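What follows is a set of notes on a single structure, which appears directly below.
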Amino acid sequence: MLRPRPTATREQLNLDGLWRFSLDYAGGPLDGTLEAAVPASYNDLFTDPAIRDHVGWVWYQRTVRVPRGWAGERVFVRVDAATHRGRVYVDDIAVAEHAGGYTPFEADVTDLVRAGEEFRLTIGVNNELTEVTIPPGTVTMGQDGRPRQSYQHDFYNYAGLHRSVWLHSVPEVHITDVTVVTALDGTVSYEVATSADAEVRVRVLDDTGAQVAVGENGVAKIDDPIWWRPGAGYLYTLVAEIDGRDVYEQPFGVRTVEVRGAEFLINGEPFYFTGFGKHEDTPVRGKGHDDAYLVHDFQLMNWIGANSFRTSHYPYAEEVLDFADRHGIVVIDETAAVGLNLAIVSGLTGAPPRPTFSPETFGDETRAAHARAVTELIARDKNHPSVVMWSLANEPASNEDGAREYFQPLVELARTLDPTRPLTYSVVMFATFQNDKIADLFDVLSINRYYGWYVAAGDLAAAEQYLEGDLRGWVATFGKPVMMSEYGADTMPGLHAVWDTPWTEEYQAAYLAMNHRVFDRIDEFVGEHVWNFADFQTSHGIHRVDGNRKGVFTRDRRPKAAAQELRRRWRGLDGGKPSR
Ligand code: GCB
């Protein structure tokens, strides 16, 4: 889905700010005096627990005046993210409904609004996670008659309008989609879709705006192209034009991605990932996008020497990917399929886990939702040069029966939608190189392991042995590139010890150093993503103290001691830069 961009033929009105807010909507103006910020999660804005713990629909409303000059244009409302389900009303007419909390949707409202006049825009947002949503969860009715939400991931189920809302205009006949694929010699293959039969002209501009190529029959050729590289995000612009009627400008980079043997190649050169799994998570805003945190997080990643990150565990705001494109940061782009694993929840209850993949648990309907999530992710992010790999799921029960039947069609779908990017998934602890049923379907094996934390806590010598045996098993069994997509230890800033004591700053640093010793002994290793960039909020529970504390930075982005250690390694300050 095209990101709205202002061009000579397209305009947009940003609708962010304060909206009226209510738990109820019966048509017409919302009752009450509450106002909510957009973009933001609503959960932490208010003091009332009935709002924070609410399960179901909430409602946002504001009036919008359509710009005077838009007469004759088609007018769309675009919602960048309504987590997890959104419903849009113009006055009291329903115009769009969308499932999936981290991908955009829009409604053509041309026939319902008039240039220069106001209308009432109401957006319902539903936070329920069920067996057929991505991510999945369970809603049960409490004895007090209130619904309760549970789910298989630790991060808090923030909800609301997490990203911008727009009103935008396009001409009657317009460009509806652009796909760009590049080769290192400067060959740019493109496809442009239009709303009606129309001739499309294509030119390519460099970053000064000078024209460097003209398209013909789906191909444009840039002479001596400047490649998009990790650390140097050079961008060209593909300008697609319907003879004077519509213009769309699509940024892109000239770069290739390839898996060859046990190597991950960007522009034909081996690439070693350093960086983090992240979250969209900040105090008060929850999962609301924030440009200040965006800039600061990228500054910190640069400071520490991270060349990449994974959008764990859902697609991030498009602003984030645009920024990564411009600054040469490499991204592993993940769907919101986190928690397809019922073994994870049996925990303290003693109940034997139910099978994850079955008609009663995660079956055809879940997979259909997952397929939509894959489709929407690739449609949204296919033109970002920063995105080098799709991650189809985090920690699915890939060791259980039914996993292969569940994942094979999704892998085929992703390969059809995008034959150019490798595929991965993050492998849960219980899935071993001996019992995993899907690893051979994927290109890169991303391993999540917590030896020294959930296993062998406080015993880094044992942890080192377990880890090395485990990773070598994956390397030897599959002959594919292997990277560590999660390793980390919860750490309370300010807690210190001279021994290997979990939760101390010293322990986090020693834990990471232990992992790095192992990685450096394995030639086939292609990268390390620490869990997590920053501390983040989690759901209520006894396993977390005000959130997950595996951050190398605190939730307000102050470095823990391990940050300095990582910086020395990743910036090569000890001479030990992990690139091969
Ligand atoms: C994992 C999950 C991640 C959790 C992490 C943890 O394996 O993928 O979402 O936050 O472990 O800290 O337990």
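In listed order, ligands and their atoms are each counted from 1. All heavy atoms count here, side chains included; hydrogens, waters and symmetry mates do not. None of the values given here were measured: they were computed from a predicted structure.
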Legend entry - Minimum side-chain heavy-atom gap Asp333-Leu321 below 4.5 Å: yes

Legend entry - Residues in the immediate environment of ligand 1 (any heavy atom closer than 4.0 angstrom): Asp154, His313, Asn394, Glu395, Asn448, Tyr450, Tyr454, Glu486, Trp531, Phe536, Arg544, Asn548, Lys550

Inset, instruction - Output, in order, the C-alpha distance, side-chain angles, deciding distance and verdict of side-chain contact (heavy atoms from CB on, under 4.5 Å) for Thr356 and Tyr406. - result: CA-CA 10 Å; Thr356 299; Tyr406 181 95; over 6 Å; no

Legend entry - Option passing ring-ring contact (aromatic ring centres under 6.0 Å, His included) with His279 (candidates Tyr314, Phe533, Phe553): Tyr314

Legend entry - Geometric cation-pi criterion Arg380 and Tyr102, 6.0 Å radius, 45° cone: no

Inset, instruction - Could you tell me whether Phe433 and Phe478 have their ring centroids closer than 6.0 angstrom? - result: no

Inset, instruction - Check whether the ring centres of Phe525 and Phe519 lie less than 6.0 Å apart, and answer yes or no. - result: yes

